[in-house]
**Student:** 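One structure, pasted below without further comment.
The chain is numbered in sequence order, starting from 1.
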Amino acid sequence: MKKEQVVHCQFSVWYPIFKKHTIKSLILPLPQNVIDYLLDDGTLVVSGRYEWSDDETTTTVTAPEFPDFTSKVLEAINALGGRVFPKLNWSAPRDANWIALNSSLQCHSLSDIFLLFKSSDFITHDLTQPFLQCSDQDSPDPVINYELVLRKWSELIPGGEFRCFVKENKLIAISQRDYTQFYQHILKQEEQTCQAIQEFFSQHIQYNFLDEDCDFMCICVLQGRVWLIDLNPFGEVTDSLLFTWEELTSGGEISQQQECPAFRYTTSEVTVQPSPCLSYRIPRDFVDLSTGEDAYKLIDFLKLKKSEQEESDEEESSPQ
């Protein structure tokens, strides 16, 4: 994955090309003072004033104000029907929906957007390390003009979303996006779904995107019609879902020589899994302990439990 490919996958680059085949959206330049606010690690106050006190002092934190930008955002939201799905140049704050009152990415105001953005690791990655996993690290980073993307809110059916992987202008693989759930209609309509996606790709996407060698897209099938939802770099920065990047890049079982793309989806309720985004709702240490990814944390945890047990045994055996 090259830095140029990442640049080409910015929303403002591909949206004009495929505007007829995707959801209506508006793009606003992101002022530097707003970027600074999003990256500030201070107390999260997205609107109004927050005050707390202890025995000696009272602390007051007031949310920053961006009157001109707020006005433009509100105007754009109203133009899109009053409800929007927000994102930056590449990412949406999908890892932060837990913090919203309705556990949704639906936003009605700039404060709704700020709450999601400041709680999202995905957004922070966009702002600080967009080229982290590129292979051409020796080359200078392209200059990025950050933008707030507001998409008209649409009730997308999770079971109708698919991620498609394109290599050298050939559709080689399709994966169910919400692979944590089993959707019976995918099992029943596998052939029709795969055919609809292939036709959409050949008619509207193939040879039209700026990167002819490789790219991938996320599209959604709704009642037989296919809509383009997003375009992302073909590389490990993007979730490969039910495939592995080794499969997609090695030319083994999934090959550009095959006539039809490999199509994978969750085939039964037995294989249902928890959502990967759930890990963003709890401290990272808890995740490491539950998955065994950090052996030292597990050892320390076991030592702590043993120590607590020994102290408890001593208290029980001591005379009253």
**Student:** State whether a side-chain donor-acceptor pair under 3.5 Å links Tyr146 with Asp126.
**Tutor:** no

**Student:** Could you tell me which non-hydrogen atom of Ile123 sits nearest to which non-hydrogen atom of Pro93, and how far apart they are?
**Tutor:** CG1-CB, 4.0 Å

**Student:** Quick one, Gln198 and Pro261 - any side-chain contact, counting heavy atoms below 4.5 Å?
**Tutor:** yes

**Student:** Whether the side chain of Glu199 engages the backbone of Ala196 through a donor-acceptor N/O pair (distance < 3.5 Å, no angle test) should be reported.
**Tutor:** no

**Student:** Examine the side chains of Tyr183 and Gln176 and answer whether a donor and an acceptor come within less than 3.5 Å of each other.
**Tutor:** no

**Student:** Which salt bridge (Lys or Arg N to Asp or Glu O under 4.0 Å) pairs, counting each pair once, include a residue from residues 128-146, with sequence neighbours left out?
**Tutor:** Lys3-Asp141

**Student:** For the side chain of Thr266 and the backbone of Ser268, is there at least one donor-acceptor N/O pair under 3.5 Å apart?
**Tutor:** no

**Student:** Check whether any side-chain heavy atom of Val149 lies under 4.5 Å from a side-chain heavy atom of Tyr15, and answer yes or no.
**Tutor:** no

**Student:** Within the 3.5 Å criterion, strictly below it, is a donor on Gln10 or His8 matched to an acceptor on the partner's side chain?
**Tutor:** no

**Student:** Step by step, work out the side-chain contact (heavy atoms from CB on, under 4.5 Å) result for Phe66 and Asp68.
**Tutor:** CA-CA 6 Å; Phe66 312 98; Asp68 292 342; over 6 Å; no

**Student:** Find out whether Arg163 and Asp239 are in side-chain contact, i.e. whether some heavy atom of one side chain is under 4.5 Å from a heavy atom of the other.
**Tutor:** yes

**Student:** For Pro130 versus Val6, what's the shortest heavy-atom pair and its separation?
**Tutor:** O-CG1, 3.8 Å

**Student:** What pair of heavy atoms forms the shortest contact from Ala100 to Ser104, and how long is it?
**Tutor:** CB-O, 3.5 Å

**Student:** Could you go step by step and tell me if Tyr265 and Asp178 meet the side-chain contact (heavy atoms from CB on, under 4.5 Å) rule?
**Tutor:** CA-CA 9 Å; Tyr265 53 91; Asp178 182 19; over 6 Å; no

**Student:** Under 4.5 Å between side-chain heavy atoms, counting indirect links through other Ile/Leu/Val/Met/Phe/Trp/Tyr residues: same cluster for Phe69 and Leu74 or not?
**Tutor:** no

**Student:** Go through Phe209 and Phe18 one step at a time and tell me if the side-chain contact (heavy atoms from CB on, under 4.5 Å) criterion holds.
**Tutor:** CA-CA 9 Å; Phe209 188 55; Phe18 303 111; 4.1 Å; yes

**Student:** Against the six-membered ring of Phe165, is Lys170 placed for a cation-pi contact (under 6.0 Å from the centre, within 45° of the normal)?
**Tutor:** no

**Student:** With distance as the sole test, does Thr249 use its side chain to make a donor-acceptor pair with the main-chain N or O of Trp245 at under 3.5 Å?
**Tutor:** yes

**Student:** Taking the ring centre of each residue, are Phe162 and Phe263 less than 6.0 Å apart?
**Tutor:** yes

**Student:** Indicate yes or no for a side-chain donor-acceptor contact from Thr238 to the backbone of Pro233 under 3.5 Å, with no hydrogens or angles considered.
**Tutor:** yes

**Student:** Counting only heavy atoms not in Gln137 (residues, nucleotides, ligands), do more than 12 fall under 6.0 Å from its CD?
**Tutor:** yes

**Student:** Does a donor on one side chain sit under 3.5 Å from an acceptor on the other, for Asp95 and Ser120?
**Tutor:** yes

**Student:** Of the non-hydrogen atoms in Ile113 and Leu148, which two are nearest, and what is the gap between them?
**Tutor:** CG2-CD1, 4.2 Å

**Student:** Determine whether more than 12 heavy atoms belonging to other residues, nucleotides or ligands lie under 6.0 Å from atom CD of Glu75.
**Tutor:** no

**Student:** Checking Ser175 side chain against Leu241 main chain: does a donor-acceptor pair fall under 3.5 Å?
**Tutor:** no

**Student:** Does Ser135 reach the main-chain N or O of Met1 with its side chain, forming a donor-acceptor pair under 3.5 Å?
**Tutor:** yes

**Student:** So, using side-chain hydrogen bond (donor to acceptor under 3.5 Å, both in side chains) as the criterion, who are the partners of Asp36 when residues are at least two apart?
**Tutor:** Gln32

**Student:** Taking side chain as C-beta onward, heavy atoms only, is Val166 less than 4.5 Å from Asp211?
**Tutor:** no

**Student:** Side chain to side chain contact (heavy atoms under 4.5 Å, CB included) with Trp14: which of Asp230, Asn208, Leu210?
**Tutor:** Asp230

**Student:** Would you compute the distance between atom CD1 of Ile27 and atom CD of Glu147 and round it to the nearest 0.5 angstrom?
**Tutor:** 5.5 Å

**Student:** Less than 4.5 Å apart, any side-chain heavy atom of Ser91 and any of Phe11?
**Tutor:** no

**Student:** If I compare all heavy atoms of Ile197 with all of Cys164, which pair ends up nearest, and what's the gap?
**Tutor:** CG2-SG, 3.6 Å

**Student:** Just do the side-chain contact (heavy atoms from CB on, under 4.5 Å) check on Phe131 and Val7 with the steps written out, would you?
**Tutor:** CA-CA 9 Å; Phe131 307 108; Val7 171; 4.0 Å; yes

**Student:** Where the side chain of Trp153 meets the backbone of Leu80, is there a donor-acceptor pair that is under 3.5 Å apart?
**Tutor:** no

**Student:** Is any side-chain heavy atom of Val84 less than 4.5 Å from a side-chain heavy atom of His108?
**Tutor:** no

**Student:** Mind listing the closest non-hydrogen atom pair of Phe182 and Gln184 along with its distance?
**Tutor:** CZ-CA, 3.9 Å

**Student:** So, the side chain of Arg177 versus the backbone of Gly160: is there a donor-acceptor pair under 3.5 Å, distance only?
**Tutor:** no

**Student:** Measure the CG-CG distance between Leu150 and Leu28 for me, rounded to the nearest 0.5 Å.
**Tutor:** 5.5 Å

**Student:** Taking side chain as C-beta onward, heavy atoms only, is Phe114 less than 4.5 Å from Tyr37?
**Tutor:** yes

**Student:** How many angstroms lie between CG in Leu231 and OG1 in Thr22, if you round to the nearest 0.5 Å?
**Tutor:** 8.5 Å

**Student:** Counting only heavy atoms not in Gln206 (residues, nucleotides, ligands), do more than 12 fall under 6.0 Å from its CD?
**Tutor:** yes

**Student:** Could you tell me whether a side-chain N or O of His185 sits under 3.5 Å from a main-chain N or O of Gly159, the two making a donor and an acceptor?
**Tutor:** yes

**Student:** What is the distance from atom CD1 of Ile172 to atom CZ of Phe243, rounded to the nearest 0.5 Å?
**Tutor:** 8.0 Å

**Student:** Less than 4.5 Å apart, any side-chain heavy atom of Cys107 and any of Phe85?
**Tutor:** no

**Student:** Mind running salt bridge (charged side-chain N to carboxylate O under 4.0 Å, His left out) on Arg264 and Glu247 for me, showing each step along the way?
**Tutor:** CA-CA 13 Å; Arg264 292 182 184 174; Glu247 288 179 304; 2.9 Å; yes

**Student:** For Ser25, check side-chain hydrogen bond (donor to acceptor under 3.5 Å, both in side chains) against everything at least two apart and list the hits.
**Tutor:** Arg151

**Student:** Taking atom CD of Glu65 and atom CG of Asn33, what is their separation to the nearest 0.5 Å?
**Tutor:** 12.0 Å

**Student:** So, taking the atom named OG in Ser154 and the one named CD1 in Ile229, what distance separates them when rounded to the nearest 0.5 Å?
**Tutor:** 7.5 Å

